[in-house]
Structure formats: C-alpha cells, structure tokens
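Along the sequence shown, the residues carry numbers beginning at 1.
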Amino acid sequence: MKKVIIQDNDFYCDGKPIRIVAGAMHYFRVPREYWRDRLEKIKACGFNAVETYVAWNMHEKQEGVFDFSGMLDLGAYLDLINEMGMYAIVRPGPYICSEWEFGGFPWWLLKYSGMSLRCMDQTYLEKVDRFYDALIPIIAVRQTECGGNVIMVQVENEYGSFGNDSVYIRYLADGLRNRGISCILFTSDGDCNFMLSGGTVPEIHKACNFGSNASRAFKNLRKFQKTGPLMCAEYWNGWFDHWTEKHHSRNPDDAASCLNDIFNCGASVSVYMAHGGTNFGFMNGANCTDEEYQPTVSSYDDDAPVNEYGKMTEKYYRIKEVLASHGFTGSNENVSQPVTRAYPDVTLSETADLLDQLKDISTPVDNAVPLTMEKLDQGYGYVAYTTFIKGPKEKAALNMTVHDRAYVFLDGEFEGIVYRNDKKPKISFAVPDSGIELTILVENMGRVNYGPYLWDEKGIVGGVRHGQQFIYHWKNYSLPMTDLSKLAFTVPKKVKFEKRPVFLRGTFTISEEPQDTFVFLKDFKKGVIWVNGICLSRYWSVGPQKTAYLPAPFLKQGENEIIVFETEGFKNNTVSFRDTPDIG
C-alpha cells in the first residue's frame with residue numbers, strides 16, 4: 001500500500017486526495033478464529049480502513065512479562081487487515097478508555113501508591129516506556145513505507161477529557177517517533193472547547209469524536225486547527241450499556257443520516273464501533289461520577305452494524321448504502337450471516353461452597369487491616385476477609401468503603417450486602433459475649449475507565465469499623481478465580497441456595513462441530529460463568545444483559561464443562577443455551 005500524508009485540507013495517497021473511511025474493531029474483544037469473518041464484513045460494507053485500540057493490560061498482565069500471542073497477536077491482526085486490502089489505524093494508548101477495565105491500564109500500576117497517571121510522572125513514564133519498547137516495533141514495521149498498511153497512530157486518547165499536560169502529550173509523541181513511527185500522528189478528543197484545548201498540541205493533527213451534529217463539531221474543531229483534513233476519529237453510531245440501566249439502541253436511519261452528514265462536511269471518519277465484540281471474563285470497565293459507580297456489562301455489542309456474534313444488522317445495510325452513495329462500495333463476496341445453536345439445558349448437579357473451602361483454595365495473608373486487591377498482588381476477581389470480634393458489644397453499624405460489592409457473614413450466616421453506591425450503612429449487629437466471626441467477600445466489578453476517578457483500588461479501601469471502633473487483625477484471602485481446579489465439588493441430594501456463595505458445575509456433550517450459542521441463567525441472580533476453564537462473562541439479573549455470548553471456538557466436540565459462581569441466589573440449577581441473544 002502507498003503512504004498516506006496530509007497536504008492542505010486533505011489526506012493524500014500517491015499524489016491524489018483520499019478519504020479515510022474506517023470501522024473500529026478491537027482484536028482483543030474477538031476470538032482470533034473470527035477475525036477474518038468480521039473483517040470481511042467490514043470490508044464488504046465499503047470501509048477502506050480498520051481502527052483498533054491496543055489494550056496494555058492484556059499484553060502485560062504481570063509487570064515486565066509481555067504476551068502478543070493467540071488472540072493478542074496484534075502483528076497477525078494488522079497483517080490480516082493488510083492482506084484484505086485495507087488500511088489500519090492504531091491507537092496504542094497507553095490509555096484507551098473503551099469501556100475496558102481500567103481504561104486499558106494494567107492493574108499493577110495501582111501498586112505504586114505515590115504515582116500519578118497520565119502526566120509527566122517519572123515512575124508512570126518508566127512503565128509506559130517499557131510497554132512502548134515491546135509494542136511499538138510491532139506497529140512500526142507494518143507502516144506503509146515498510147510494506148504494511150498502518151497509516152495513522154494516535155497519541156494518548158481523549159486526553160482533554162482528563163488533563164492538560166501538553167508536555168506529556170509531546171513526550172508520548174516523541175516516544176512514538178523515536179521508536180520508528182513515521183506515519184501520521186493524531187490526537188482525538190470530544191468536540192467541546194475544554195477537551196480540544198486540553199488534549200491537543202499545535203504540531204499534532206487533531207480529530208474529534210461525536211455521535212451527532214457533525215457540522216457543529218467540525219466548526220468547533222476548526223477553532224483549534226485552521227487547516228488540514230477534517231476527521232471524526234470516533235463516530236458513535238451506537239452506545240454501550242451499564243448494569244441496572246436500559247439497553248442502548250439507535251435508529252439505523254438516524255445513525256446513517258449522521259454518517260451522511262459527516263461525508264457532506266468533506267470529512268474522513270472512523271465508525272465506532274463497526275464490530276464491538278465482548279468484554280470477556282473480568283475485562284469490563286466502569287464509569288464513575290461524584291454520585292454513582294456505573295459498571296459496564298460484559299457484552300460490547302455497542303449496537304454496532306456487525307453485532308456481537310457477527311450478524312450484519314439493519315444498521316449495517318443502512319450504513320452500507322451511505323458509503324456506496326459516496327463512492328465506497330464493498331462486495332458481498334465471502335460474507336454470510338452467522339450460524340447459532342440452542343443446545344439442551346444442563347443441570348448443574350455438583351456444588352462447592354466458597355466459604356467452606358477458603359483455606360483450601362487460597363493462602364491467607366495476615367494483616368492488621370484489610371488489604372486491597374492490589375496489595376495482595378491480585379488483579380481481578382474477589383477477595384475474602386475474615387476476623388474475630390470480641391464481645392460483648394452493643395448493636396452498631398458496620399462502616400466500610402468497598403470497591404465494589406460486598407457480602408457480609410456473621411459466624412457463616414449471611415447478614416447482608418454492601419454496595420459501593422450505598423449512601424449510608426445498611427448492616428448493623430451486636431456481638432455476643434462469646435464473640436463473633438466476621439467474613440466479608442468483596443467483588444471487583446470492573447475498574448473505572450474514564451474521568452477523574454481512574455485510580456480505583458479494589459476490595460476494602462480503608463479500615464472497617466463496628467460503630468466508631470476500628471476492627472483489627474484480618475485474614476485476607478486472594479480469589480482471582482483464574483484456576484478453579486482446587487475446588488472440591490460434591491453432589492448433594494438437593495441443590496439449593498444456602499445464602500452462601502457457591503460454585504455449581506455441570507457437563508454437556510456436543511456430538512458435532514460446535515456452533516455459537518448464548519448462555520441463559522433464567523433463575524440465577526449474580527455471578528460469573530466459566531466454560532471449559534475460560535472465564536466467559538459476568539451475569540446479573542438486574543440486566544439489561546440477560547444472556548452471555550459463548551463463541552464456538554470456546555467449545556469442543558465431546559464433553560464440555562460449565563461452572564457458575566453464584567453469590568446472591570438461584571431458584572433452580574438449570575442452565576439454558578439459546579440460539580439468539582438477549583442483551584436488553
């Protein structure tokens with residue numbers, strides 16, 4: 001492919017003005033086996049480029065240990081896009097937002113308590129530089145001048161929404177250049193003044209992000225960039241969902257109409273998302289305001305033209321019509337709608353009580369005060385805290401700050417739930433003469449990915465008080481839920497919820513080649529699903545997401561295992577597999 005440059009008010013390639021029409025798809029949200037299928041659908045719609053973020057936390061799960069294999073093989077992903085004749089736009093962070101856990105930052109950054117994120121903090125920059133040393137060469141050798149297809153690389157991400165450290169933006173840009181990035185560098189920010197003023201520097205090309213009113217957005221962008229090609233780096237044709245809220249959907253005609261307006265302004269565009277994918281396992285992020293913590297669901301369908309499981313939607317065809325009307329036509333060759341399957345229900349007949357097995361599956365760390373997840377050298381999952389309170393004590397409130405949801409037990413009996421959004425204490429108890437054992441199980445529901453509250457440690461943050469008295473001497477049990485092999489399952493005569501967190505296990509057999517399906521836990525309330533050892537999805541009966549996408553590559557011909565961890569109750573122990581999703 002030929003190099004793309006900026007000249008006057010246009011992007012140019014081989015001496016001719018071109019328009020970049022990109023669709024966003026993130027390799028780390030899509031099983032590698034499906035990359036080609038989804039990319040072919042993006043190309044068939046008429047797009048000439050694919051945009052992707054890079055999730056630092058997936059590539060450096062443990063500090064200093066890098067992984068670019070399998071579903072994380074960015075180089076292979078860019079090569080596939082190139083093979084299919086499309087340009088690539090790469091947004092390497094270090095921060096990406098994207099409704100992704102901690103905005104793409106690795107959890108272990110939170111172990112450096114004196115460090116500041118997203119600024120000229122030397123400790124932070126040392127971590128970024130090491131990541132860039134591993135990552136950027138993969139991108140640099142795939143630029144067009146090297147025979148690849150990378151034409152643009154983003155500096156940071158929507159930085160004006162967070163800060164105004166222009167020295168930091170220039171430091172990252174210099175780091176990209178020094179590591180071999182010679183293509184167009186750009187920043188992207190929301191279209192309002194404070195975002196564009198805080199996130200941009202004069203010498204780096206500027207794009208803006210919006211979901212409507214293109215002419216207004218580009219008019220404001222021109223205040224900060226008098227010349228150069230206009231570009232919407234994120235055209236929000238859909239939106240994501242938080243737990244407890246309604247599912248977001250956008251009228252396909254409205255989405256297509258706004259895209260048409262972008263073209264009529266003479267601008268280039270990246271449609272966010274063209275294919276959304278899934279926040280598998282514990283990788284969903286969260287928003288947080290002064291009033292409320294808002295965790296994102298596991299599905300990242302995003303109401304995209306190509307939906308979570310690869311179906312070309314009505315919005316896809318409306319967008320395809322708009323692209324064709326502006327000269328961007330795609331072929332329907334090699335694309336088809338996905339095949340799904342409803343498998344027979346599975347009875348989860350084996351159980352393992354978490355509290356009974358704490359000492360078997362986790363080695364406790366003794367400490368005077370409860371330790372956060374990060375201080376336990378743990379990234380995701382749950383933490384259990386136990387202590388003994390001497391009696392007698394009068395009835396008093398249990399006071400603590402939890403990130404994010406806590407289940408409280410007294411002598412093993414369920415006492416109540418404490419949620420991060422609670423405005424006042426909800427649990428009170430007295431302590432008998434003999435004393436009482438207090439156990440608190442805390443779920444990490446996803447670190448904040450956007451805004452001023454990025455520094456989001458998990459577990460019990462600060463101490464625990466009974467009334468005004470602090471409680472000391474705790475056993476801290478780390479429960480990352482990465483390996484469930486130590487659980488001892490039994491087969492009770494009757495499987496029922498005992499008001500204690502419990503694992504349930506069952507098996508099912510697939511006699512033919514597996515197909516995509518959707519896990520439906522009709523009578524379960526809240527927890528996590530694993531299939532064949534893969535942490536698949538969270539679930540929560542409050543919705544909007546009601547099913548979990550289970551891709552065929554996660555299944556196998558023969559016997560398959562499903563494990564459900566339930567914390568809040570179930571009416572029966574049956575799991576259903578549907579051939580259609582319900583995400584609200």
Report all side-chain donor-acceptor pairs from residues 230-237 shorter than 3.5 Å, counting only partners two or more places apart or in another chain.
{"residue": "Glu234", "atom": "OE1", "partner": "Trp236", "partner atom": "NE1", "Å": "2.8"}
{"residue": "Glu234", "atom": "OE2", "partner": "Tyr53", "partner atom": "OH", "Å": "2.8"}
{"residue": "Glu234", "atom": "OE2", "partner": "Arg91", "partner atom": "NH1", "Å": "3.1"}
{"residue": "Glu234", "atom": "OE2", "partner": "Arg91", "partner atom": "NH2", "Å": "2.7"}
{"residue": "Tyr235", "atom": "OH", "partner": "Ala255", "partner atom": "O", "Å": "2.5"}
{"residue": "Asn237", "atom": "ND2", "partner": "Tyr272", "partner atom": "O", "Å": "3.1"}
{"residue": "Asn237", "atom": "ND2", "partner": "Met273", "partner atom": "O", "Å": "3.1"}

Could you tell me whether the side chain of [X] and the main chain of [Y] form a donor-acceptor pair under 3.5 Å?
X	Y	result
Asn287	Gln294	no
Asp579	Thr340	no
Lys206	Pro202	yes
Gln545	Ser299	yes
His59	Asp67	yes
His26	Thr52	no
Arg142	Gly75	yes
Asp301	Glu308	yes
Lys3	Ile151	no
Asp8	Asp10	no

> Checking ring pair (Phe, Tyr, Trp, His ring centres under 6.0 Å) against Trp100, which of Phe28, Tyr95, Tyr450, Phe105 comes through?
Replying inline: Phe28
To the nearest 0.5 angstrom, please state how far the [atom1] atom of [X] sits from the [atom2] atom of [Y].
X	Y	atom1	atom2	value
Asn279	Arg538	CG	CZ	9.5 Å
Asp302	Trp239	CG	CH2	8.5 Å
Lys320	Ser325	NZ	OG	12.0 Å
Met152	Ile6	CE	CD1	6.5 Å
Asn444	Tyr380	CG	OH	8.5 Å
Tyr549	Phe518	OH	CZ	6.5 Å

> Around Glu513, counting heavy atoms of other residues, nucleotides and ligands shown, do more than 12 lie under 6.0 Å from its CD?
Replying inline: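 No, the 6.0 Å shell around CD holds no more than 12 heavy atoms from other groups.
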>> Other residues, nucleotides and ligands only: do more than 12 of their heavy atoms fall within 6.0 Å of NZ on Lys2?
In response: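 No, the 6.0 Å shell around NZ holds no more than 12 heavy atoms from other groups.
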>> For Phe66 and Phe68, take the angle between the two ring planes, folded into 0 to 90°, and tell me which bin it lands in: parallel under 30, tilted 30 to 60, perpendicular over 60.
In response: parallel
> Should the pair His248 and Phe240 be assigned to parallel (<30°), tilted (30 to 60°) or perpendicular (>60°) ring geometry?
Replying inline: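 Ring orientation, 0 to 90° scale: tilted.
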Regarding [X] and [Y], does a basic nitrogen lie under 4.0 Å from an acidic carboxylate oxygen?
X	Y	result
Glu83	Arg36	yes
Asp73	Arg32	yes
Lys127	Glu60	no
Arg318	Glu321	yes
Asp516	Arg341	no

> Taking only residues two or more places apart in sequence or in another chain, which ones pass side chain to side chain contact (heavy atoms under 4.5 Å, CB included) with Asp582?
Replying inline: Lys546, Thr547, Arg578
Salt bridge (Lys or Arg N to Asp or Glu O under 4.0 Å) involving [X] - partner list, sequence neighbours excluded:
X	value
Lys311	none
Asp129	Arg179
Lys219	none
Arg250	Asp254

Going by heavy atoms in the side chains, are [X] and [Y] under 4.5 Å from each other?
X	Y	answer
Glu158	Met195	no
Pro94	Leu172	yes
Asn57	Trp108	no
Ser268	Phe11	yes
Pro551	Phe280	yes

Any luck finding a side-chain donor-acceptor pair between [X] and [Y] under 3.5 Å?
X	Y	result
Asn193	Asn220	yes
Glu99	Tyr300	yes
Asn560	Asn532	yes

>> If you apply the rule salt bridge (Lys or Arg N to Asp or Glu O under 4.0 Å), what do you find for Arg118 with Asp165, and how did you get there?
In response: CA-CA 8 Å; Arg118 303 181 75 185; Asp165 191 345; over 6 Å; no
[X] versus [Y], closest heavy-atom pair with distance:
X	Y	answer
Ala140	Gly180	CB-O, 3.8 Å
Asn157	Ser188	OD1-OG, 4.0 Å
Pro295	Ala286	CA-CB, 3.6 Å
Tyr87	Cys13	OH-SG, 3.4 Å
Leu454	Val448	CD2-O, 3.4 Å
Cys45	Ile319	SG-CG2, 4.0 Å

>> Suppose we screen for side-chain hydrogen bond (donor to acceptor under 3.5 Å, both in side chains). Which residues come up paired with His247, at least two apart in sequence or across chains?
In response: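 Partners of His247 under the side-chain hydrogen bond (donor to acceptor under 3.5 Å, both in side chains) test: Asp241.
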>> Going by side-chain hydrogen bond (donor to acceptor under 3.5 Å, both in side chains), name the residues that satisfy it together with Thr200, two or more places apart in sequence or in a different chain.
In response: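 Thr200 satisfies side-chain hydrogen bond (donor to acceptor under 3.5 Å, both in side chains) with no residue once adjacent residues are dropped.
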Return the set of residues passing ring-ring contact (aromatic ring centres under 6.0 Å, His included) with [X] (not counting sequence neighbours), or none when no residue passes.
X	value
Tyr343	none
Tyr159	Tyr168
Phe131	Trp56
Trp35	Tyr77

>> Is it the case that the ring center of Tyr309 lies less than 6.0 angstrom away from the ring center of Tyr34?
In response: no
